[in-house]
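Structure record follows, encoded as structure tokens.
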Amino acid sequence: MAISSTIKKLFHALSSRAIKRRQFAQLRECDPRMLKDMGLRWERGTLVAINPEREPAPQQRKAVTRDAHESCPHCGSRLT
């Protein structure tokens, strides 16, 4: 019985992680104007809210990071 519940929890954790990775991969492909419309921006390789004071009480969330050399830290445009 304990083994089946552990396997279910593991499967649920893996599937939710895969969903989150897909969502963040889609956000990486968005240009800065689209992210601005959604209220997001890349800052030093981390996805952050434009108006963080409007967010609910901070919860211990991990920041989404990407390679800092992919985009300009000032304007957010892609470097090629």
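As the structure is a prediction and not an experimental result, all values here were calculated from the model.
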Euclidean distance, [Y] [atom2] relative to [X] [atom1], rounded to 0.5 Å:
{"X": "Cys30", "Y": "Asp37", "atom1": "SG", "atom2": "CG", "value": "10.0 Å"}
{"X": "Leu14", "Y": "His12", "atom1": "CG", "atom2": "NE2", "value": "11.0 Å"}
{"X": "Arg22", "Y": "Lys20", "atom1": "CZ", "atom2": "NZ", "value": "13.0 Å"}
{"X": "Asn51", "Y": "Leu40", "atom1": "CG", "atom2": "CG", "value": "10.5 Å"}

What's the shortest heavy-atom distance between Ser16 and Ala13, and which atoms?
-> OG-O, 3.0 Å

Would the number of heavy atoms belonging to other residues, nucleotides or ligands and lying under 6.0 Å from CZ of Arg21 be above 12?
-> no

Just wondering, do [Y] and [X] contact through their side chains at under 4.5 Å, heavy atoms?
{"X": "Leu35", "Y": "Leu27", "answer": "yes"}
{"X": "Gln23", "Y": "Ile19", "answer": "yes"}
{"X": "Met38", "Y": "Lys36", "answer": "no"}

